[in-house]
Amino acid sequence: MKILKFLPLLVLGSVLIVAGCSKKDTKLPVSAEKMDSVVSPLLNTEGTEIGKVTMSEDSQGVNISIKAEGLAPGLHGVHIHETGVCTPPSFESAGAHFNPGKKEHGFDNPKGFHLGDLPNMKVGDDGKGVLQVTSAELTLKPGTDKSLLDQDGSAIVIHEAADDYKTDPAGNSGTRVACAEFNKK
Ligand SMILES: [Cu+2]
Ligand SMILES: [Zn+2]
């Protein structure tokens, strides 16, 4: 089973590639096995809805789609955090990065990366940003430690600054500026 050794690299590669061509991947092929998608409002530090986050799962893994507005232009770190509670203004309630593998933070960290690490999101001068990523390692189905809809759920958190992809534990991405919580029904 030599191929298993290269699996994490392939997964990382696919995460980055999908992020790089987000426009093209906006329309995913509809497949019979696709689960219902779950949608959650994205809240800013005042608790106001500034967008939506959608998660769905198909044979490729978990697809995460973020649409936000009203953010500062530039790059923003985005992560899946371990607890599905978004209490403004600090969003510290969402806990640390989703990290069932007990790794360090960052795609460029030799001891990394967290399964909750995602690519930076680019926000335009109009304050709008979109991010589409697929992770083959995550699941929305219960019963494994890689499930985003486990007992305490999970949260998508957007930070004020870019993630440097290497500094443990959060890539030097500054405070939490937006949050969307996901919990099992
Ligand atoms: Cu984060
Ligand atoms: Zn991380």
Side-chain angles (χ1 to χ4, degrees), residues 7-16 18-19 22 40-47 49-55 61-68 70-123 129-139 144-150 152-183:
L7 213 52
L9 264 184
L10 287 172
V11 169
L12 173 56
S14 63
V15 165
L16 295 177
V18 170
S22 53
S40 176
L42 182 68
L43 304 179
N44 68 8
T45 55
E46 283 156 15
E49 183 173 337
I50 57 159
K52 293 214 180 302
V53 179
T54 306
M55 287 189 188
V62 173
N63 308 299
I64 299 169
S65 171
I66 302 171
K67 278 192 184 137
L71 292 172
L75 288 176
H76 293 262
V78 183
H79 316 115
I80 306 166
H81 285 240
E82 63 188 348
T83 307
V85 181
C86 291
T87 307
S90 70
F91 300 124
E92 290 299 322
S93 55
H97 292 186
F98 185 72
N99 184 27
K102 307 268 184 270
K103 302 278 184 72
E104 289 191 6
H105 173 81
F107 298 125
D108 295 339
N109 181 337
K111 293 178 183 165
F113 49 91
H114 300 142
L115 279 189
D117 293 350
L118 298 176
N120 287 319
M121 180 172 78
K122 189 175 180 188
V123 171
V130 171
L131 186 70
Q132 293 260 153
V133 290
T134 299
S135 172
E137 290 216 48
L138 298 170
T139 181
T144 87
D145 62 357
K146 294 180 178 177
S147 175
L148 297 178
L149 300 180
D150 58 357
D152 64 355
S154 62
I156 297 291
V157 173
I158 300 175
H159 290 257
E160 66 172 340
D163 183 334
D164 65 12
Y165 297 145
K166 59 178 185 246
T167 307
D168 199 55
N172 257 336
S173 52
T175 61
R176 305 173 182 192
V177 296
C179 186
E181 57 186 43
F182 287 87
N183 291 284

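Just so we're clear, the structure is a prediction, and the values are computed from it rather than from any experiment. Count residues from 1 along the sequence. Atoms within each ligand, like the ligands themselves, are counted from 1 in listed order.
The closest side-chain donor-acceptor pair between Thr167 and Asp164 falls under 3.5 angstrom. Between the side chains of Asp117 and His79, no donor N or O sits under 3.5 Å from an acceptor N or O. Looking only at atom types and distance, the side chain of Asn63 has a donor-acceptor partner in the side chain of Thr134 under 3.5 Å away. Residues Ser65 and Gln132 bring a donor and an acceptor atom of their side chains to less than 3.5 Å of each other.
The number of protein N/O/S atoms found under 2.8 Å from the Cu ion (ligand 1) is 3. With a cut-off of 2.8 Å, the protein N/O/S atoms near the Zn ion (ligand 2) add up to 4.
Ser154 and Met55 get closest at one heavy-atom pair: OG-CE, 4.4 Å.
One finds the CG atom of Leu115 at 7.5 Å from the NZ atom of Lys103 (value rounded to the nearest 0.5 Å).
Between His105 and His81, the distance from one ring center to the other does not fall under 6.0 angstrom.
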Practice prompt. Decide side-chain contact (heavy atoms from CB on, under 4.5 Å) for His114 and Asp168; before the verdict, give the C-alpha distance in whole Å, the side-chain angles of both, and the deciding distance to 0.1 Å.
Written response: CA-CA 10 Å; His114 300 142; Asp168 199 55; 4.1 Å; yes
Item to complete: Tell me, with the steps shown, if His159 and His76 meet ring-ring contact (aromatic ring centres under 6.0 Å, His included).
Response: CA-CA 6 Å; His159 290 257; His76 293 262; 9.5 Å; no
